[in-house]
Amino acid sequence: MKITQDNILATKVRKAVFPVGGLGTRFLPVTKAMPKEMLPVVDKPLIQYAVEEAAEAGIEEFIFVTGRGKTAIEDHFDHSFELEYTLRQRGKQEEYQSLNSLIKLPGSISYIRQQEPLGLGHAVWCARHLIGNEPFAVLLADDFIYAPTPCLKQMVDAYEKGVMVAVMDVELSHVNRYGIIDIMQEHQRQVKVKAVIEKPSPEQAPSRLAIIGRYILDSEVFEHLDKQERGAGGEIQLTDALSPMIQKMPFNGYRFDGTRYDCGSKGGLLAASIAVALNRSDLRDEVLNELSRVIPHSIKPA
Ligand code: UTP
């Protein structure tokens, strides 16, 4: 095939959307004045892990769909001159470098405001003019994926065209929290999708295979999101816009290698922090000590 600008754009995933417009009600009151995506796993906010994952997958343009009260995210990825000056003055080189690594090439980060949190599908639709006509990634920062190879990189490496969604098996009693895949066939990590059912009851679920917050999407999704149809919970759902695309183009689930923590829930965020801390040589012993002190007291006698 002759390589042209058009067919390079048709397959290379250069842009990523980070929907961060949600209200984070499950974390109130901490999310009253602070974005959920700024909650830390140890010493980095969730959104930073997602941006680093995207960069490692070769993403060049980072598009945040924000909302009211989310300016801390913009500040996080910008210079803080007083802080940087002070760190340099005090010879805190490592800390200074860690701040500097957050600064992306000028012009590679954009922020779009989702004026009302009408759902994930609506948040993605808000980015339509910045995406144009090429495949793009969507990363939900509150789905924290701890993996030897970053999850999005695994997907980009396997992606050819169409739609690819990250998938994993969940407990049957949890299927009503996810978009669930009706499986047509499986080959190694790839699952050919027959249908997607949004938040089915355990009795209706065609499988336990759930869509997790990493997507590579074809820009055709915007035609379906244009209809602004409300789905489960009265929200404009991304999975509803994906369903009509299943018949039209390759549509695959990707069973990623790694552990996913649902950091949109309190238990998930705590578990992620413990897992990351136990894997860090500077924290492991201290955390193990603390856990062994706390755990016996937290188990109530029968
Ligand atoms: P959630 O379903 O976790 O909703 O959104 P939420 O509002 O953030 O949190 P809770 O349920 O009230 O605690 C999944 C992802 O989609 C984004 C969120 O920011 C999160 O990253 N989102 C959701 C939007 O950007 N806009 C929306 O209208 C809804």
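All ligand and atom numbering here is 1-based and tracks the order in the structure.
In plain terms, the two heavy atoms of Ala158 and Tyr254 that are nearest each other are CB-CE1, 3.6 Å.
The side-chain hydrogen bond (donor to acceptor under 3.5 Å, both in side chains) analysis of residues 191-200, with sequence neighbours excluded, yields the pairs Glu198-Thr239.
Note: Phe144 and Tyr261 have tilted aromatic rings, judged against thresholds of 30 and 60 degrees for the angle between ring planes.
Each of Pro19, Val20, Gly21, Gly22, Leu23, Gly24, Thr25, Arg26, Lys36, Glu37, Gln114, Pro117, Leu118, Gly119, Leu120, Ala123, Asp142 has a non-hydrogen atom positioned under 4.0 Å from some atom of ligand 1.
Ser98 meets the side-chain contact (heavy atoms from CB on, under 4.5 Å) test with no other residue; sequence neighbours excluded. With sequence neighbours excluded, the residues forming a side chain to side chain donor-acceptor pair (under 3.5 Å) with Tyr96 are Arg88, listed by chain and number.
Of the charged side-chain nitrogens involved, none lies within less than 4.0 Å of a carboxylate oxygen, so that Glu95 and Arg90 do not count as a salt-bridged pair.
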